[in-house]
Amino acid sequence: MSDATHITDTYNPLEVERKWQARWDSEGTNTYTDAELRRAGVQGRPFYNLMMFPYPSAEGLHIGNIYAFTGADIYGRFKRLQGYDVFEPIGFDAFGIHSENFALKQGVHPMELIPQNIERFTRQLRRVGFMYDWNHTVDTTQREYYRWTQWIFLQLYKAGLAVKKEAPVNWCPSCNTVLANEQVVAGACERCGTTVEIRNLSQWFFRITEYAERLLNNLATIDWSETTKKAQENWIGRSEGAEIVFPVVSESANLENDDGSEVVRQAFRYFLTADQIVSRWQELEYTAIRVFTTRPDTVFGATYMVLAPEHPLVDQITTRERRKAVEAYRRKTAKKDLVTRRKGDKKKTGTDTGARVLNPATGKEIPVWIADYVLMEYGTGAIMAVPGHDERDFEFARAYKLPIVRVVALEGVGANEPMIEAYTGPGRLVNSGHFDGMEVDEARHEVTAWLAERNAAEPRVNYRLHDWTISRQRYWGPPIPVLYCDDCGIVPVPEDQLPVELPYIEDFKPDASGISPLARHREWYLTGCPSCGGVARRETDVSDTFLDSAWYFLRYPSAGNDRRAFEPSLTRNWLPVDSYIGGNEHAVLHLLYARFVTMALHDLEWIDFEEPFTRFRAHGLIIKDGAKMSKSRGNVIVPDEYIEEYGADTLRTYLMFLGPYQEGGDFRATGITGPYNFLNRLWDAVLGAEDRPLYPAVEQKLHATIRKVTEDVEALSYNTAIAAMMEYLNVVRAGGRTPERAAVEPLVILVAPFAPHLAEELWERLGNERSVFRSATWPEYDPAKAVADTVEFVVQVNGRVRARMQMARGISESDARDAALADPNVQRFLDGRQVRKTIFVPDRLLNLVAG
RNA sequence: GCCCGGGUGGUGGAACGGUAGACACUGGGGUCUUAAAAACCCCUGGCGAGAGCCGUGCGGGUUCGAAUCCCGCCCCGGGCACCA
């Protein structure tokens with residue numbers, strides 16, 4: 001006797017969903033064994049369907065999580081019904097500051113908190129009916145996982161891609177830790193909103209900048225949402241230009257060396273031409289300042305130079321008379337936080353160092369200033385200022401009465417016409433020696449080449465991207481697997497000693513010292529040196545959470561494997577990921593880091609592909625009453641209530657019906673009744689269906705609907721797919737008629753990705769034994785049957801609709817014209833005029849142009 | 001400032017350059033009911049009795065025909081931003 005008999009004949013979503021969730025578990029409908037995973041990867045049609053694994057917050061599953069996962073799950077279920085072996089795993093990104101802060105606030109230890117959260121999340125995820133393979137799941141905080149996170153660190157270390165260096169880094173004074181550039185939004189911590197400070201600390205960096213060019217170029221080869229690609233492109237920020245050298249020639253510069261000896265080289269100045277100094281500055285031992293510019297063509301207009309106040313050469317070149325003023329200015333800028341300093345709209349300030357450099361193009365001496373509008377982090381920390389053709393330089397030159405020279409002019413503009421604003425447009429060079437008259441674009445290369453010949457410049461590509469700081473002075477993360485030995489220096493922990501376990505400590509609260517809480521535990525950090533056997537100290541920083549998530553997709557197929565991070569054969573068969581869906585807020589964080597780690601592992605020959613995600617689609621955000629959901633606004637939606645009242649199938653369908661999946665939508669409680677009614681009506685239609693031949697109009701609509709739904713689901717256009725199914729059901733039930741079984745059975749399959757529990761139940765009630773996802777195949781449509789015999793044909797007069805008539809499909813132009821001309825309304829609007837021209841769009845429209 | 005999206009009824013949203021407003025929600029009317037709920041049916045962009053006219057942020061243009069393409073603006077959301 002079937003379970004169906006225990007279930008009422010009116011649609012009761014809770015009953016239905018409970019039944020099918022239990023059955024999926026007991027029959028392993030959604031899961032693979034390791035053997036199956038291996039076999040399917042080789043013999044089957046493997047399809048790796050990935051979604052961004054959640055951070056298991058204490059608040060439980062958020063409606064935004066459900067929205068994201070439902071869209072991805074629908075795609076996975078669709079692919080399974082199309083006959084693919086779909087691997088759809090889920091896991092938990094549970095390390096990180098967020099969990100740690102919450103644990104601190106609640107006074108619970110994260111090692112107790114996180115397992116509870118994960119348990120609750122798991123329960124909620126199961127309740128929504130995702131097709132997850134619960135046999136292959138990860139939790140980044142488990143030693144079985146972070147052991148391999150540490151292993152990846154070691155691989156990068158061995159390849160020279162993980163380096164420890166002292167550098168100015170972003171410090172969040174509230175989280176008490178260093179942040180990556182990507183985690184600083186508008187000068188503030190993306191987590192807590194506190195303004196970040198710059199501290200000079202010795203940190204571990206991943207040299208992602210080594211991969212800047214490839215990270216950029218490969219974007220052309222992957223099928224990703226355009227918005228995401230653009231975000232990465234902007235973040236990498238490639239600029240092409242030149243590095244130009246300006247030798248320091250000020251007479252009184254640098255009067256003493258460190259040892260007190262006189263500096264004599266400046267004396268050459270009086271025996272040498274500017275040209276000689278420029279081309280021989282190295283052998284003459286001139287100090288030179290390098291600048292990066294995207295406009296080498298304007299070098300003749302460089303009337304002064306500006307260094308970032310922190311530039312290392314400032315001390316050396318500043319003249320005695322200017323020393324006090326320069327020191328004062330540097331102190332002032334050091335106090336300013338980066339936010340105010342980076343605000344572009346404030347007044348320009350700066351001060352003269354007294355030093356002079358040679359403009360290598362003009363051979364003239366120009367002054368060197370320091371100003372905080374030049375940033376040490378970008379380029380060389382120094383610029384050649386071309387006030388005539390750069391807005392910032394123009395503003396600065398105005399403020400300090402520095403000379404402004406025009407070097408680019410449009411036709412008809414005099415070379416020495418005074419400038420009232422910086423001109424950044426196209427034109428020809430003027431006041432530029434033998435380059436006068438040359439187009440800007442050509443001059444860019446020619447000027448660089450000319451300077452390069454004289455040893456004063458070289459072409460240069462510059463990136464905005466910085467190396468990825470991965471050290472975190474916090475507790476809740478994987479310890480960085482490195483030791484410090486007085487004799488041997490930095491010693492990586494041998495791979496067979498992994499993991500370096502995160503100890504359970506009570507006092508995991510971070511402080512402002514810049515040192516991790518782990519550093520308070522000698523018993524943990526003091527250990528033996530694996531190299532010399534002496535005493536070594538462990539690194540007490542942990543790694544960034546984003547390293548955990550930069551490789552989790554590699555782990556899923558191999559989850560549980562305790563010999564390897566990822567098994568080569570499984571990886572080869574299942575990766576790269578076929579479809580990845582997630583939020584665009586990770587466009588430059590997770591998605592960039594994951595690409596970097598994958599590329600590095602590829603170069604180290606651990607994997608044979610360099611892009612992890614073949615196709616990526618960003619989904620939209622789900623908002624409430626036009627605003628982002630947040631606790632402070634009090635507009636947070638608790639999904640559980642809706643699941644209790646309408647069931648998971650309705651919630652899933654409703655969320656997808658809200659609007660275009662890739663744009664998001666506004667959650668309105670009243671709207672949920674639409675999809676709920678639809679599922680109810682479908683239920684009734686299936687239960688009341690009769691075995692008899694399809695009515696022709698229904699058959700036509702069926703084929704049209706299969707086509708529409710198939711195309712729309714493939715394009716993630718879920719809202720229109722649902723609308724098409726509703727429309728079809730309206731036809732099937734039109735006028736209260738009894739539906740044909742052959743009309744509703746395919747619809748049950750079409751709806752299955754959206755409302756899987758309901759589909760299972762109806763599939764069973766239609767007499768099928770096994771799960772719809774294991775026995776049904778996605779319906780095919782016949783293009784010939786997908787179109788109706790008659791069409792509503794529109795007749796226009798001069799582009800305006802004047803008649804609509806039912807016509808046979810395929811009607812000829814002349815027949816259509818005859819019918820149109822016979823129409824009294826058409827005649828009325830022609831008003832006796834000649835038809836000069838007719839436009840005929842087959843099966844759609846005829847436009848009579850009268851004049 | 002630069003780079004992406006987007007702007008369509010009371011609301012969410014549909015529309016290969018070819019019937020603007022599919023599909024829903026809300027609202028209104030009705031059927032059934034002692035009544036209510038549910039369910040079902042009809043109406044629901046504006047003006048107009050109607051024929052029809054007007055309508056897709058604004059102003060131009062291309063076209064037989066523009067929500068859709070082009071030019072110039074305005075507004076909203078997101079990314080980047082003294083990046084040289």
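First the proteins, then the strands, lettered A, B, ... as listed; each starts at 1.
Nucleotide B/C64 holds its C1' atom 17 Å from the CZ atom of A/R844, rounded to whole Å. Rounded to an integer number of Å, the gap from A/I622 CD1 to B/G77 P is 19 Å. Note: CD (A/Q806) to C1' (B/U19) measures 12 Å, nearest angstrom. Distance A/Y11 OH to B/A38 P: 18 Å, rounded to the nearest Å. Look at NZ on A/K229: it is 19 Å from P on B/C80, rounded to the nearest Å. The distance from atom CG of A/D843 to atom C1' of B/C16 is 15 Å, rounded to the nearest whole Å. With rounding to whole Å, A/E792 atom CD is found 19 Å from B/A15 atom P. Between the CG atom of A/L592 and the C1' atom of B/C80 there is a distance of 14 Å, given to the nearest Å.
Nucleotides B/G7 and B/C58, compared at atom P, are 13 Å apart to the nearest Å. Taking the C1' atoms as reference points, B/C53 lies 25 Å from B/A14, given to the whole Å. Rounded to whole Å, the separation between the P atoms of B/U11 and B/U26 comes to 15 Å. On the P atoms, B/U19 is 11 Å away from B/A66, given to the nearest whole Å. Using atom P as the reference point in both B/C70 and B/G18, the two lie 15 Å apart (nearest Å). When the C1' atom is compared between B/C42 and B/C32, the two are found 15 Å apart, to the nearest whole Å. When the P atom is used for both B/A84 and B/A20, the distance is 49 Å, rounded to whole Å. One P atom belongs to B/C25, the other to B/A38, and the distance between them is 12 Å to the nearest Å.
The side chain of A/V801 has B/U19 as its nearest neighbour among B/U19, B/A15, B/C82. The nucleotide whose nearest atom lies closest to any side-chain atom of A/T670 is, among B/G13, B/C25, B/A84, B/C25. In this structure, the nucleotide among B/C83, B/C4, B/G18 sitting nearest to the side chain of A/L375 is B/C83. In this structure, of B/G12, B/G18, B/A84, it is B/G18 that holds the atom nearest to the side chain of A/V841. Comparing B/C23, B/C64, B/C53 against the side chain of A/A723 picks out B/C23 as the nearest. Nearest nucleotide to the side chain of A/M726, out of B/C82, B/G18, B/C23: B/C23. Proximity note for A/R681 (side chain, C-beta onward) versus B/A22, B/C40, B/U19: the nearest is B/C40.
The partner of B/A35 is absent, by the rule that a Watson-Crick or G-U pair needs both atom distances under 3.5 Å. With a cut-off of 3.5 Å on both Watson-Crick or G-U wobble distances, the partner of B/C23 is given as B/G12. In this structure, B/C80 and B/G1 make a Watson-Crick or G-U wobble pair, each of the two defining distances being under 3.5 angstrom. Base pairing of B/U68: no nucleotide in any strand meets the Watson-Crick or G-U wobble criterion (both distances under 3.5 Å).
Across all strands, A/I839 comes closer than 4.0 Å to base atoms (heavy-atom distances). Contacts of A/N730 with the nucleic acid, taken as non-hydrogen atoms under 4.0 Å apart, involve only primed sugar atoms and P, OP1 or OP2. Across all strands, A/F657 comes closer than 4.0 Å to base atoms (heavy-atom distances). As judged by a 4.0 angstrom heavy-atom cut-off over every strand, A/T673 is placed among residues touching the sugar-phosphate backbone only. Nucleic acid contact class of A/N462 (heavy atoms, under 4.0 Å, all strands): none. At the heavy-atom level, A/R238 lies nowhere under 4.0 Å from the strands shown.
Put simply, A/N680 has no side-chain N or O that comes within less than 4.0 Å of OP1 or OP2 on B/A39. Phosphate contact (OP1/OP2 of B/C25, side-chain N/O of A/N677, threshold under 4.0 Å): present. One finds a side-chain N or O of A/R392 lying less than 4.0 angstrom from the OP1 or OP2 phosphate oxygen of B/C83. Checking the phosphate oxygens (OP1, OP2) of B/G52, a side-chain nitrogen or oxygen of A/N825 falls inside 4.0 Å. Applying the 4.0 Å criterion to OP1 and OP2 of B/C64, one finds that A/R836 has every side-chain N and O outside that range. For B/A84, the OP1/OP2 oxygens have a side-chain nitrogen or oxygen of A/S239 closer than 4.0 Å. At B/C53, one or more side-chain N or O atoms of A/R802 fall inside 4.0 Å of OP1 or OP2 (strictly under the cut-off). OP1 or OP2 of B/G65 has not a single side-chain nitrogen or oxygen of A/N798 nearer than 4.0 Å. Residue A/K837 places at least one side-chain N or O under 4.0 Å from the OP1 or OP2 atom of B/C64.
Residues A/E727 and A/T705 bring no donor and acceptor atom of their side chains to less than 3.5 Å of each other. Between the side chains of A/S239 and A/N462, no donor-acceptor pair is found at a separation under 3.5 Å. In this structure, a donor-acceptor pair under 3.5 Å is present between the side chains of A/S717 and A/T720.
Of all the heavy atoms in A/A68 and A/H619, the pair that sits closest is CB-NE2, 3.2 Å.
Between the base of B/C80 and the side chain of A/N234 there is no donor-acceptor pair shorter than 3.5 Å.
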Give the intermediate values and the outcome of salt bridge (charged side-chain N to carboxylate O under 4.0 Å, His left out) for residues A/E233 and A/K230. CA-CA 5 Å; A/E233 202 180 304; A/K230 278 284 174 198; 3.8 Å; yes
Full working for side chain to side chain contact (heavy atoms under 4.5 Å, CB included) between A/V751 and A/F678: CA-CA 11 Å; A/V751 87; A/F678 166 63; 4.0 Å; yes
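Projected onto RNA chain B by closest heavy-atom contact, A/R804 and A/G381 fall at different nucleotides, the more 5' of which corresponds to A/R804. Each of A/R800 and A/Q796 lies near RNA chain B, and the nucleotide nearest A/Q796 is the one positioned closer to the 5' end.
Looking at A/D831 and A/R833, no side-chain N of the basic residue comes within less than 4.0 Å of a carboxylate O on the acidic one, giving no salt bridge.
The main-chain N or O of A/I222 is found under 3.5 Å from a side-chain atom of A/K229 such that the two form a donor-acceptor pair.
B/G21: glycosidic angle beyond 90° from 0, hence anti.
Ring orientation note: the planes of A/Y676 and A/Y11 are tilted relative to one another, at an angle of 30° to 60°.
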